[in-house]
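Since this is a predicted model, take the numbers as computed values, not measurements.
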Amino acid sequence: MDRIQFVVLDEADRMLDMGFLPDVKRILMRCPKKRQTLLFSATIPPAIESLSSWALVNPAKIEIGARRSPADTIRHVMYPVALAQKNDLLLALLDKVQWESVILFCRTRRSADEAAAFLKRHRHKAAVIHSDRTQKERQQALDGFKSGYYEVLVATDVAARGLDIADVSHVINYEVPEHPEDYVHRIGRTGRAQATGDAFTLMTAGDAPHVHAIERFISRKIDRVRLEGFNYQYSALFDEDRLGSLADRKTRGVRLGKGYFFGPARRRR
């Protein structure tokens with residue numbers, strides 16, 4: 001390590017959230033004092049300011065306005081549903097929507113493991129990636145997903161940033177993120193490099209405050225839709241807005257703008 005000339009700390013705020021700050025400091029202490037260090041962070045909380053003042057020497061500071069809006073190549077909608085029917089709706093979406101590959105986001109490592117196990121029980125090839133997986137297990141999951149062996153990659157927000165996986169046709173938020181900026185990062189895993197993509201969010205009554213925070217963050221209302229033919233149980237969310245159905249939007253069997261398919265499922269093999 002005494003030959004290191006450049007150190008790059010990317011997504012520093014996420015490393016802090018995941019508890020890696022002590023490890024980062026130990027690594028830096030083993031690097032030569034004479035080096036160039038670059039630090040990138042979406043947010044600058046006090047702990048990151050402290051790290052930057054400790055790790056950087058007379059740095060040039062570059063600030064770029066936060067991107068609060070998803071790319072216009074992504075169509076994203078909310079699917080309100082009763083909590084007891086969330087898994088059924090997930091399976092129905094995977095059955096009806098024409099998709100090539102799916103990243104399914106969960107809030108916690110436990111829920112990611114449970115969602116992956118649920119999909120496997122219903123004959124979907126699913127891999128899981130989160131901070132409790134070893135580096136070898138994460139790489140195997142990523143390689144299998146990129147090659148097409150796995151249909152669905154189930155992940156926590158550890159995969160919302162920093163992973164550039166080409167040709168992800170759909171992102172599904174199995175659980176609404178607690179932080180609005182994570183919503184933009186999550187759905188940004190699709191619709192990349194001028195390709196189009198779709199992002200679905202399964203929304204239960206308990207998610208309403210987080211959804212409203214997301215809408216304030218991106219300065220727009222996200223469409224609420226129902227899946228045509230799904231036998232919904234009543235949810236208080238259905239009284240919040242007039243929910244459009246796919247039939248109302250005249251989208252049955254056709255492609256809406258920006259990659260939104262409905263019709264017989266087509267799975268990547």
Do the non-hydrogen side-chain atoms of [X] and [Y] ever get within less than 4.5 Å of each other?
X    : Y    : result
R35  : T37  : yes
T156 : R107 : no
D157 : H185 : no
L91  : F118 : yes
K25  : W54  : yes
L227 : L89  : yes
L51  : L21  : yes
L90  : L202 : yes

Answer yes or no: is there an ion pair linking D132 with R109, defined by an N-O contact shorter than 4.0 Å? yes
Just wondering, more than 12 heavy atoms not from M29 lying within 6.0 Å of its CE? no
For atom CZ of R110, is the number of surrounding heavy atoms from other residues, nucleotides or ligands below 6.0 Å larger than 12? no
Taking all non-hydrogen atoms of both residues, which atom of [X] and which atom of [Y] are closest, and how far apart?
X    : Y    : result
T190 : I74  : O-CD1, 3.4 Å
Y183 : M78  : CE1-CE, 4.3 Å
P70  : I218 : CD-CG2, 4.2 Å
A115 : C106 : CB-SG, 4.0 Å
A195 : T73  : O-CB, 3.2 Å
T108 : E175 : N-OE1, 4.1 Å

Mind running side chain to side chain contact (heavy atoms under 4.5 Å, CB included) on M203 and R224 for me, showing each step along the way? CA-CA 9 Å; M203 174 188 179; R224 272 70 157 168; 4.0 Å; yes
Out of curiosity, does [Y] fall in the hydrophobic cluster containing [X] (side-chain heavy atoms, cut-off under 4.5 Å, transitive links)?
X   : Y   : value
M1  : L28 : yes
F40 : L56 : no
F20 : V7  : yes

Any donor-acceptor N/O pair, [X] side chain to [Y] backbone, under 3.5 Å:
X    : Y    : value
E100 : D167 : no
K125 : G148 : no
W99  : S169 : no
D207 : T204 : yes

Let me confirm one number: the [atom1]-[atom2] distance from [X] to [Y], rounded to the nearest 0.5 Å.
X    : Y    : atom1 : atom2 : result
Y150 : I129 : OH    : CD1   : 12.0 Å
I62  : L38  : CD1   : CG    : 8.5 Å
F6   : C31  : CZ    : SG    : 12.5 Å
K61  : L39  : NZ    : CG    : 11.0 Å
H212 : I222 : NE2   : CD1   : 10.0 Å
F105 : R186 : CZ    : CZ    : 6.5 Å

With D143, which of Q139, Q140, K146 fulfils side-chain hydrogen bond (donor to acceptor under 3.5 Å, both in side chains)? Q139
As a quick check of understanding, evaluate side chain to side chain contact (heavy atoms under 4.5 Å, CB included) for L142 and F145, giving each step before the final call. CA-CA 5 Å; L142 285 174; F145 184 66; 5.7 Å; no
Classify the side-chain pair H76/N173 by whether it contains a donor and acceptor separated by less than 3.5 Å. no
Take H130 and D113 through the test side chain to side chain donor-acceptor pair (under 3.5 Å) and record every step on the way to the result. CA-CA 9 Å; H130 54 62; D113 286 335; 2.9 Å; yes
Please find out if less than 6.0 Å separates the ring center of Y79 from that of F200. yes
I would like to know whether D2 and I4 meet side chain to side chain contact (heavy atoms under 4.5 Å, CB included); could you show each step before the answer? CA-CA 6 Å; D2 58 357; I4 290 175; over 6 Å; no
How are the rings of F230 and Y232 set relative to one another: parallel (under 30°), tilted (30 to 60°) or perpendicular (over 60°)? perpendicular
Could you walk me through whether V77 and T201 satisfy the side chain to side chain contact (heavy atoms under 4.5 Å, CB included) test, starting with their C-alpha distance in whole Å, then the side-chain angles of each, then the deciding distance to 0.1 Å, before giving a yes or no? CA-CA 6 Å; V77 295; T201 298; over 6 Å; no
